[in-house]
There are 2 protein chains.
Amino acid sequence: MVEAQKSTVGYCRFRINAVKDSMELLTGKWKIHILGTLLYGGKMRFMDLQREVGGIGAKMLSKELQDLELNQLVTRTVMNTKPITVEYELTEFGKTLEPIIDTIAQWGIDYRETLFGKFKENPTD
Amino acid sequence: MVEAQKSTVGYCRFRINAVKDSMELLTGKWKIHILGTLLYGGKMRFMDLQREVGGIGAKMLSKELQDLELNQLVTRTVMNTKPITVEYELTEFGKTLEPIIDTIAQWGIDYRETLFGKFKENPTD
DNA sequence: CAGGATCCTTTACGATACTG
DNA sequence: CAGTATCGTAAAGGATCCTG
């Protein structure tokens with residue numbers, strides 16, 4: 001944010017690189033879905049998460065959650081129940097993603113008709 | 001936006017599905033990088049795009065651009081030069097993604113130190 | 001219930017070479 | 001320059017079974 005912002009070219013690269021940095025944590029077919037689900041649905045157990053995200057298998061969900069936990073975006077809490085249940089929740093850091101996810105959701109809402117009209121026949125119900 | 005928003009549960013699913021819908025167009029390791037590059041860098045030729053995005057191969061770039069063109073997010077214009085050059089540019093529809101990309105870039109900027117400190121050693125230069 | 005282990009199929013992605 | 005063709009690896013994804 002020093003040299004980089006002085007020229008237009010530098011400014012562009014600066015923001016392009018910022019996108020790159022962000023996406024490093026968010027890359028993967030399911031990351032944003034999972035984070036969005038936890039953002040809008042709140043604390044949730046593994047199976048509920050799997051159902052809400054929709055279409056993801058247990059293996060993938062498990063793997064993606066481990067990634068997200070490593071990156072300190074979600075927490076995993078084993079509950080004292082029988083059989084055991086596990087709760088996943090956004091961390092405070094994870095919640096800083098809210099503007100991103102909100103904007104994505106809003107775009108989906110705003111362009112819902114456009115998207116469906118042009119590109120597909122079977123909208124998400 | 002009718003039934004879905006009445007209950008909290010419905011509201012959540014509504015936004016979760018909106019995220020899903022948006023991501024359908026944006027999925028893939030490179031889509032958002034490419035769109036961001038075209039947003040911040042403006043109209044650009046194939047090779048420039050490849051260099052600016054950084055790290056992407058010609059095959060992937062070509063394939064992703066075809067996807068984006070199909071989804072009417074970018075236009076492809078063959079120029080009358082020798083040898084031929086091709087310019088890629090965001091469509092008006094593509095430009096509606098600006099809030100999403102801006103938010104992602106801003107998050108990357110805001111949490112740059114956090115990201116580097118915690119998760120990696122070699123920041124994007 | 002939460003998920004790991006295994007096996008198998010299908011995409012995604014990458015490197016290199018080649019053409020109009 | 002802007003790609004496509006070809007080949008090869010890695011990751012995604014599904015199914016089934018298994019365990020604490």
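Side chains are part of it too, since the values below use all heavy atoms of this structure and drop only hydrogens, waters and symmetry mates. Remember, predicted model here, so these are calculated numbers, not experimental data. Numbered from 1 within each chain, the chains take letters A, B, ... in sequence-line order.
For the pair A:Lys29 NZ and D:dA11 C1', the computed distance is 12 Å after rounding to whole Å. Following rounding to the nearest Å, B:Met79 (CE) and D:dC1 (C1') show an atom-to-atom distance of 13 Å. The interatomic distance linking B:Ile84 (CD1) with D:dT4 (C1') rounds to 12 Å, in whole Å. Computed from coordinates, the A:Ile34 CD1 to C:dA2 C1' distance equals 15 Å when rounded to whole Å. At whole-Å resolution of the value, CD in A:Gln50 and P in C:dG4 are 13 Å apart. Atom CZ in A:Arg76 sits about 8 Å away from atom P in C:dG4, given to the nearest Å. The CG atom of A:Leu61 sits 13 Å away from the C1' atom of C:dC1 (whole-angstrom rounding). The CD1-C1' distance, from B:Ile56 to D:dA2, rounds to 14 Å in whole Å.
Backbone-only contact: A:Lys63 has heavy atoms under 4.0 Å from sugar-phosphate atoms and none from a base. Counting non-hydrogen atoms under 4.0 angstrom, A:Gln66 reaches the backbone sugars and phosphates but no base. When heavy atoms are screened at a 4.0 angstrom cut-off, A:Gly55 is found touching the sugar-phosphate backbone but no base atom. Across all strands, A:Met47 comes closer than 4.0 Å only to sugar-phosphate atoms, never to a base (heavy-atom distances).
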Please step through salt bridge (Lys or Arg N to Asp or Glu O under 4.0 Å) for the pair A:Glu98 and A:Lys95, ending with a clear verdict.
CA-CA 5 Å; A:Glu98 178 164 359; A:Lys95 287 178 190 162; over 6 Å; no

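Residue B:Ala58 has its side chain nearest to D:dT4 when only C:dG3, D:dA2, D:dT4 are considered. Residue A:Arg45 places its side chain closer to C:dC1 than to any other of C:dC13, D:dG13, C:dC1. Listed nucleotides: C:dA2, D:dA2, C:dG3. Nearest to the side chain of A:Tyr88: C:dG3. In the set C:dG4, D:dG13, C:dA2, the nucleotide with an atom closest to the side chain of A:Ser62 is C:dG4.
Residue side chain A:Lys59 reaches the base of D:dG14 through a donor-acceptor N/O pair under 3.5 Å, judged by distance alone.
The residue among B:Met60 and A:Val86 whose nearest nucleotide of DNA chain C is located toward the 5' end is A:Val86. Along DNA chain D, the nucleotide closest to B:Leu65 and the one closest to A:Pro83 are compared, and the more 5′ of them pairs with B:Leu65.
A donor-acceptor contact shorter than 3.5 Å is absent between the side chain of B:Thr103 and the backbone of A:Ile100.
None of A:Leu25, A:Thr75, A:Leu35, A:Leu38 except one satisfies the side chain to side chain contact (heavy atoms under 4.5 Å, CB included) rule with A:Leu68; the exception is A:Leu35.
For the 3.5 Å distance criterion, the side chains of A:Asp110 and A:Gln106 qualify, holding a donor opposite an acceptor.
Using cut-offs of 30° and 60° on the angle between ring planes, the pair A:Phe93 and B:Trp107 is parallel.
Distances shown here put every side-chain N or O of B:Trp30 at or beyond 4.0 Å from the OP1 or OP2 atom of C:dA12.
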